[in-house]
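Worksheet for the structure shown next.
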Amino acid sequence: MNPKDRVGIHLSDAVAMIAAQMKQITVQVRGSRGWQGSGTVWPLTGLIITNAHVADAPLDDVEFSDGLRIPGRLVARDPDEDLAALAVSVRPPVGARIRSACGLRAGDVVLASGNPNGDSGAITTGIVHHAVGKSARLFADIRLAPGYSGGPLADATGAIVGINSMIIDGLGCAVTSDTVDRFLRRFHPTEAA
Amino acid sequence: MSNPLVDFSHELANTVEGVGNSVIAVLEGGRSGVSGTVWQPGVAVTIAHTIRGRDEVTVVLSSGEQTNATVAARDQGTDIAILKLPSDAPVAKQANDANARVGEVALAIARRGTEGLSATYGIVSAIGGPWRTFSGARVDRWLRLDLNPFPGFSGGPIVNAAGETLGIATSGPWRSAAVIPASTVSRIVDQLLKHGHAVRGYIGVGLQLVRFPEDAWQSLGISSGRGLLITAIAPGSAAEEAKLTLGDVIVSVDGKPIRSGGGLQWLLDAETVGKSITLGVVRGGQLLNISVLVREKAA
């Protein structure tokens, strides 16, 4: 049998393709404590969305996957939702699609990208643990580690469904894309020049 | 071109949703609720220790209906309890766990109160032979899972990619997920429904594992060199009727040599009750064959 005919090969090709897409929109963020996390280029806005526990200074370091390193200006921050938005002086890569996390079912495949322990552009895969319902949090059976914080959680098509935030009971906990949109509307942050 | 990851994702979510119809929430179980799996029409199984001391529990069915269920029976040996459901729920499709393979997909599915289903994903990481629980019950197969356990998953099904139940989830050592295989669950459920308790064989002896000196076991032709010394005989038991005496050493059962301290118990399962087994016994330097009628152990 041609090995390319095997389902597992097709699957790993698809994961590799989405990993490459996600890497494009994933940045490294360094806050005031030098704590290294991740950030996500948010589609349409050109802003970098990350966690409030990652970006805690008026200016935080942002490093893109191509190595470009520039300051990001904190334009909005909400510690309760664990969200922050950074504006940068360049037009970031065109982002992926956003998808509402409400349509996800338990068992749907999800992928996270980030910089665990400084490994830039790392990827991990898992499934939705529990449908979101009315919650602002999405729980996923996915193996996160410190450094994934602020990075994107995407569905099997690569569409962003959340921002990785915490590890609870061994499960990944992300802020839903819907919550991020509400956060952005609430703060009306001006788009970067 | 279709994205195989999207297909895979849909299949996993469909499996969770489909199997989820047979998964119930047991609200009083554990710290914040556990799950149960509908095993036969009107009968669900869950993990007994999570509902210790209760005769009745509140369950949530896949329909969303919240109702009371009677704890009909429990088996301390395998930690399985059966619940009688007042209304019908779809029965979980059972896998032949003898066909489980290392590397195959395993999903743990739970129902969290009224909030719907939860799942984690992994693979079957190792498969071993039969084993005994701490309380002496035989479990047909050891299935090790590479799968994240989560609060409330106990009593829910572990299913394969076809959505067939490999077994019932319970907590293993070191925050691992353990499985009571479907074949064992079915056997115990049948016994619990029929007798109200799990059936185990009993001949009424106290035993201690001993080793023979090398020249002795070679001259007697005992292949393992080990035996079980009879240290107690229950009055009126099958062992007494068969005229076994203190100091006899059992070296084989139906021709199979004794290898470990649990060696006799291994062979005294429900199917041996009412039948005779032949014990190879060393008495006064002679190897004798003594047949003993196995009785049912009082619950």
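Please read all numbers here as calculations on a predicted model, not as lab measurements. Order of the sequence lines sets the chain letters (A, B, ...), proteins ahead of strands, with each chain counted from 1.
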Next item on the list: Any side-chain hydrogen bond (donor to acceptor under 3.5 Å, both in side chains) involving residues 163-179 of chain B? Give me the pairs, sequence neighbours left out, ordered by first then second residue.
Entry: N160(B)-E164(B)
Notebook entry, point to check: Which heavy atom of G107(A) sits nearest a heavy atom of L12(B), and at what distance?
Noted result: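 Scanning both residues, the minimum pair turns out to be O-CB, 3.2 Å.
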Please examine the side chains of [Y] and [X], heavy atoms only from C-beta on, and report whether any two atoms are closer than 4.5 Å.
X       : Y       : value
N14(B)  : R105(A) : yes
V109(A) : F8(B)   : yes
V15(A)  : L5(B)   : yes
I127(A) : V16(B)  : no
H130(A) : L117(B) : no
T120(B) : L171(A) : yes

Can you tell me if [atom1] on [X] sees more than 12 non-hydrogen neighbours from other groups inside 6.0 Å?
X       : atom1 : result
R144(B) : CZ    : no
R143(A) : CZ    : no
Q76(B)  : CD    : no

Would you mind checking which part of [X] comes under 4.5 Å of any heavy atom in chain B, side chain (CB onward), backbone (N, CA, C, O), both or neither?
X       : answer
L11(A)  : both
L104(A) : neither
L111(A) : side chain
V110(A) : neither

Notebook entry, point to check: Passes side chain to side chain contact (heavy atoms under 4.5 Å, CB included), D155(A) versus V6(B)? Steps please.
Noted result: CA-CA 8 Å; D155(A) 72 3; V6(B) 173; over 6 Å; no
Check: [Y] main-chain N/O paired with [X] side-chain donor or acceptor under 3.5 Å:
X       : Y       : result
H10(A)  : P4(B)   : no
N148(B) : G170(A) : yes
N3(B)   : T157(A) : no

Next item on the list: Answer with side chain, backbone, both or neither: which region of E17(B) has an atom nearer than 4.5 Å to a non-hydrogen atom of chain A?
Entry: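 Side chain only.
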Next item on the list: Sort Y121(B) into side chain, backbone, both or neither according to what part of it lies under 4.5 angstrom from a heavy atom of chain A.
Entry: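 For Y121(B), the contact with chain A is made by backbone and side chain together.
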Checklist line | Nearest-0.5 Å distance, CZ of residue F150(B) to CG of residue D169(A) | finding: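 With rounding to 0.5 Å, CZ (F150(B)) is 10.5 Å from CG (D169(A)).
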Notebook entry, point to check: If you count heavy-atom pairs under 4.5 Å with chain A, which of S118(B), G20(B), G116(B) comes out on top?
Noted result: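 Heavy-atom pair counts peak at S118(B).
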